[in-house]
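Notes to accompany the following structure.
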Amino acid sequence: SADAASQDRVVRAAVASDLRFAFPEIIELVQEEHPDIDVRVTYGSSGQFMTQILNGAPFDLYLSADQAYPATVVDEGLASEGQLFRYARGRLVVWDPQGTLATPTIDDARNANTIAVANPRHAPYGRAAMEALISSGLLSVLEDRLVFGENVSQTAEFAQSGAADIALIALSLVISGPLANTGTWTEIPQDLFEPLDQGGVVLDEAQDFTAAQSVRDVLLSPRGQEILARYGFED
Amino acid sequence: MDIDALWLTLRLAALTTVILIALAIPIAAWLAFHRRFYTPVLEAIVALPLVLPPTVLGYYLLVALGSQSPLGQWWTSTFGSPLAFSFNGLLIASVISSLPFAVHPLLTAFTSVPTKLLQASTTLGAGWPRTIVKVALPLSRSGLATSAVLAFAHTVGEFGVILMVGGNIPGQTRTLSIDVYDSVQAFDYSSAASTSAFLLVFSLLVLTTTYTLNYRSSVPRQLASSYPQPVTVIQ
Amino acid sequence: MDIDALWLTLRLAALTTVILIALAIPIAAWLAFHRRFYTPVLEAIVALPLVLPPTVLGYYLLVALGSQSPLGQWWTSTFGSPLAFSFNGLLIASVISSLPFAVHPLLTAFTSVPTKLLQASTTLGAGWPRTIVKVALPLSRSGLATSAVLAFAHTVGEFGVILMVGGNIPGQTRTLSIDVYDSVQAFDYSSAASTSAFLLVFSLLVLTTTYTLNYRSSVPRQLASSYPQPVTVIQ
Amino acid sequence: MIIQLHGRRHLLDVDLDIDIEEFTSHVLFGPSGSGKTTLLRVLAGLDPLDEGELRVDGKVWTQGSAIKVPARKRDIGLLFQDHALFPNMSVEENVAYGIPRAKRGDKRGIIQWALTQARAQGFTSRPVASLSGGEAQRIAFARALARQPRMLLLDEPLSALDTPTRESLRNDLRLLIHTSGIPTISVTHDRTEALVLADQVVVLINGTVHQIAHPSTVFEQPADAQVAAAVGVETASAGSIVRRTNGLAEVEVEGARVFAPEPSFSTNGVLVCVRAEDIALAKEQSVTSQRNQLMGVVTRISPHGSLMRVDIDAGWNIASFITRTALDELELRQGSTVVAAFKAPSVHLIPHD
Amino acid sequence: MIIQLHGRRHLLDVDLDIDIEEFTSHVLFGPSGSGKTTLLRVLAGLDPLDEGELRVDGKVWTQGSAIKVPARKRDIGLLFQDHALFPNMSVEENVAYGIPRAKRGDKRGIIQWALTQARAQGFTSRPVASLSGGEAQRIAFARALARQPRMLLLDEPLSALDTPTRESLRNDLRLLIHTSGIPTISVTHDRTEALVLADQVVVLINGTVHQIAHPSTVFEQPADAQVAAAVGVETASAGSIVRRTNGLAEVEVEGARVFAPEPSFSTNGVLVCVRAEDIALAKEQSVTSQRNQLMGVVTRISPHGSLMRVDIDAGWNIASFITRTALDELELRQGSTVVAAFKAPSVHLIPHD
Ligand SMILES: Nc1ncnc2c1ncn2[C@@H]1O[C@H](COP(=O)(O)OP(=O)(O)OP(=O)(O)O)[C@@H](O)[C@H]1O
Ligand SMILES: Nc1ncnc2c1ncn2[C@@H]1O[C@H](COP(=O)(O)OP(=O)(O)OP(=O)(O)O)[C@@H](O)[C@H]1O
Ligand SMILES: [Mg+2]
Ligand SMILES: [Mg+2]
């Protein structure tokens, strides 16, 4: 990144883990449209980002996996209401990493010994997965076969390592990146859980506020939304 | 607070400590008393579990213990239940991840046992095992206590490895430390604070008791009377 | 591999080790040689950072060092840059989280220095500082090496605290262990494996060197010639 | 320097007032386990007292369990019974350790001097672990000496040495103490050592001081039965005074009668002590100045250092040291009849029972 | 049991063949730093050899740096010079530690017996840290003994004891060795100890064996100048044989002429040794069987144990031990003229230069 050094417009983005595979393409798009902007990304847990932002973490743009965290950041006075935006809606799938089932459905969970879901207490996909299990009346049956990952990535690792039989995780993880060709999956109907709307915010303290807004604009642009769609998000 | 988690944590920490001490004694004795040119390498290897981030160590352990691994399969076919996401799996994982803390302080203590006393033991006809149990170990009480304390405390506080290998199953593999972690992630700070405070006070009690007992018994009974006053070795 | 992260890790681990050793020597000496009825409590307190899960410890440290805290605000107003999410913040956090590993082995070693030698030193007119530097410390080489090795290895492997306090900012607070963690989260197992392997091999070299030097110099030069053969204390 | 120690510590229970400048060289003499090391440790400030106090020149150094002047400020050179050399240092570093800051300029010279005094040149740069027992003892002595302290406490300084080295070091030590003028308290078990070294001997038995006197007094006129046993008076038996005339006492002891100088005390129960070297042997009784001439039978002949010890049953069991030459001349063997002759002044009476 | 040690270790470099059953009690005698402890450690299997081998009854125990029979299988009771008691055990536990499994049934009895032999009853349940130096030494001895090993190696077993305890323990030890029949090698610096204990003395100087002989031979007829120095022959000066007649040699030594038995060697350069206790003093020359009568002047009078040492310049500087009684009778003081008389057989010649 020899020319990155010559750029002086830096945007430090805290990005939810489920965008890990999609976001690099967004950055390429930013480069194309604003060659002078250098986007530096940190992927991680949305909740942890919020804690850090509340304690002064030097981020300019925060892309969360839900809408509540960015709203809290606004409530705490670190961003203005007007900077809140919604950029995507996540999709939930049932994933069979071994590929023994051609089209694994949520009902196939009945035959699994161990089902991995993200921790519903703090991971948005975990909450959604639990709602889906409740709506389909499976929770009482499966309750003691659930294992809880710290986040969707770890939940996928439970299954990918062979320790869990199936996992309820984000679509974005199984159609792109290293897991793309592993196992089989089917989407869980969106009416089984509250929508996984993902929001973000540009922070007041942003080093280069307009540049951060530019990145947001690229993300929300049709070309940006098209990329997200390819990586398993709805708008 | 979660009584199940407390009970589980206690059982795990106590069992891990007992197993670790049982393992650490022969390992440390061998490293201390059987020096070869490669001994420093082995000493370093024992410290290695520390170098990997716990989650990563946990991932590798999960792969090694999971249902796809030979060990995991053998275990399942022998004992009827899988090793990953079980208490036994947790135990193995925390033994491995706390091994350095158990071995190294004991090794230090063994190294400072005067060689002449070990030689006296051998001229009196004692072999390795007797010499270690009767001479080296009693003279290494302080190292043994440190080993036990560090192993216990680290197991109580460990969560990366345990989360990965255990899957955070309530009542089965959810320890207090995972509980605190969950609370923090879920912004339930009051619950995190009360559980943390409990953990700290409880550990303080256990550790203080260990140190006090160790100190008491390291001063021979008959000499104790000569220490009615505070003992300051150097004025 | 990420050269920035490697360099950062090295700097952090080396500085942490140096600071910890400098802190551990007086603390351990005081605990070992100035025994009072409350000493076991202090010994236990030193072990407490271990009991909290790293993320939780990290959270409390973040709150203590962050922009909302008096310390954080003072630091920012004095040094012009925030403490949290900076290298200095990381350093403070890792010093605190690795403190037990530095203090306890050294404490064990100090405890086994023969009292008579300390007394000999005082009758020869030496006070505390000289006695510790010239007598207790050289006779505790093995404990000192263990302290340094555990502190170093633990800092290299630590990620919970560092992730929380540092925020995983590339080039600033992203250490190798966070890098590995990131790779695992991104299912980039080959990169995780190669970085892990590097970490392991690198640490093995550092630790082996430490132990070898320690062992070499603990055998007085003139005596070394009498150990051309492997040294087995007990046959 | 006046040392006043009145107190208890473990078995030790002493009332001791000595002036270690009047008599520069004190020897602490007593059987194994009598509290000699404990006493030195209390003086050095390494052990507190269970009760009582230690004053030096009127200043309180230790008061009960409180050590008022810490060891490092007492400016004492202590030679530990088990040496306590620093194993992490070379010989030279050990000796240099205690040299006060002010004298560091001439460090090399002081080290050399101390090593020479201790007869320990030649292993300066050796690691301590490679020293033999006797070598270690000499280095420990050099280390205590190199401080040039205001008081030297030597716990069995020569016990690990061979006879010739010990003899010459013993003489050197005496000279050193007197030329340097450093008051010294040495612990020893060895009679010759006490005789050569001491200006004054303190006899410590079972934790209490039994006698403080000139060395020859201690060995020839022990104050009581325990001292007699401790200094190894070969013949010490209970008897009773049957008559006192002209400054002489006639004593009945076992089957025999002997004459002794009339004691100052008035009790008649006594312990009759005669040192074996004061008893001469002859073939026959003769007219000499020797008051006591007892006829007896040789029961045992055994070597004793460079002398021979002859045990005689003369009614009373007595022992005599004679030279090998004399033994040959007298043609003694077990069962021979012999006359044991000794002057009245050689007989020392101690009140008893 | 035949011990054949041919090898080097540090300074030690010996060719030693001894039968420790023929002579049950060996004493290893030599100056400080001569390698005695090293030799015992090699025998016990604690130290390897730098080169060479150790065989016992023909079986290889140590071959160079390889210890073929490990220490714990050698069935040896070793008393360490610095005791090496286990500080974590009581006195009793220390003594019990080495009792073989087979004999554990009578453990209590054996402990009692060993403690009694070591004169160490009375502190059985004490922690080791509270023992005095001499007490620790006796416990260490009891611990080595309680094993009832097939060989005892005692490194200065009595050095920390007071004279009376040492004397009686020394006699007991001799008795013990002979009644139990356990072959023993003891290290000592003390001449009386060697004389009392040894059936045979091995003189080790500077790492090499200089003489193996009966104790009285070693002390009266040292094999060479170093042995003479080590055993502390008080007078040993270079001289030369000027005439040999009738089995007598006339030797010129410094300014004097003395007679000695004609030696078996033919060189004329000799070291003339006379033990101080063989020299009698008289006021005047007289007609006796004593060949050598040298007139001289007293240069120094000093105590030597229970005797007095008188140094005389008779052209040749000689020393004599006499009793205090004799000293008084002769009315000797510094500067007195005196005749030193000694028989020709007391003069021992050693080839020299
Ligand atoms: N901490 C202690 N507790 C109980 N008794 C002790 C303690 N320390 C020493 N003693 C006892 O006090 C007595 C005196 O010990 P000390 O070491 O002063 O003797 P010592 O005269 O130096 O003997 P030695 O000549 O054998 O060295 C001994 O009987 C010893 O066992
Ligand atoms: N590891 C070593 N390296 C070098 N020299 C050593 C070593 N160990 C011992 N020596 C030397 O070997 C010599 C013999 O030592 P040893 O301990 O056998 O003497 P010793 O005859 O027992 O003397 P002492 O009567 O003083 O105890 C000493 O000069 C000693 O310094
Ligand atoms: Mg003592
Ligand atoms: Mg020795």
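Residue numbers begin at 1 in each chain, while the letters A, B, ... track the order of the sequences. All of these numbers come straight from a predicted model, not from anything done at the bench. Hydrogens, waters and symmetry mates play no part in the numbers below; they use all other heavy atoms, side chains included.
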Check the pair C:V180 / B:L52 against side-chain contact (heavy atoms from CB on, under 4.5 Å), numbers first and verdict last.
CA-CA 9 Å; C:V180 184; B:L52 287 184; 5.7 Å; no

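- Of the atoms belonging to B:S196, heavy atoms from both backbone and side chain fall under 4.5 Å from chain C.
- Chain C forms the most heavy-atom pairs under 4.5 Å with one residue out of B:V156, B:L139, B:V41, and that residue is B:V41.
- Taking OG1 of C:T111 as the reference point, atom CZ of B:R141 lies at 12.5 Å (rounded to 0.5 Å).
- Put simply, of C:S147, C:P114, C:S142, C:S121, the one with the most heavy-atom pairs under 4.5 Å next to chain B is C:S142.
- The ring pair (Phe, Tyr, Trp, His ring centres under 6.0 Å) test applied to B:F187 returns A:Y69, not counting sequence neighbours.
- With a 4.5 angstrom heavy-atom cutoff, B:V51 touches chain C via backbone and side-chain atoms both.
- Contact of B:F202 with chain C is not made at all, since no heavy-atom distance falls under 4.5 Å.
- Between C:L50 and B:L150, the closest heavy-atom pair is CD1-CD2, 3.6 Å.
- The distance from the OG1 atom of B:T208 to the CD1 atom of C:I45 is 7.0 Å, given to the nearest 0.5 Å.
- Only the side chain of B:Y59 comes within less than 4.5 Å of a heavy atom in chain C; its backbone stays farther off.
- Between the side chains of C:T108 and B:T146, a donor-acceptor pair is found at a separation under 3.5 Å.
- Residue C:Y211 comes nearest to B:P40 through the heavy atom pair CB-CB, 3.8 Å, listed as atom of the first residue, atom of the second, then distance.
- You'll find the side chain of B:S203 reaches within 4.5 Å of the side chain of C:L48, heavy atoms only.
- Taking the side-chain contact (heavy atoms from CB on, under 4.5 Å) definition, one finds that C:R130 meets it with C:A126, C:K134, D:Y97, D:R104, sequence neighbours left out.
- Only the side chain of C:V184 comes within contact range of chain B, with at least one heavy atom under 4.5 Å from a heavy atom of that chain.
- Comparing C:F152, C:F101, C:Y181 by heavy-atom pairs within less than 4.5 Å of chain B, the highest count is held by C:F101.
- Here the shortest heavy-atom pairing between C:F159 and B:P54 reads CD2-CD, 3.7 Å.
- Comparing B:G143, B:G157, B:S112 by how many heavy-atom pairs each has under 4.5 Å with chain C, the most go to B:G157.
- Looking at B:A193, both its backbone and its side chain come within 4.5 Å of chain C, counting heavy atoms on both sides.
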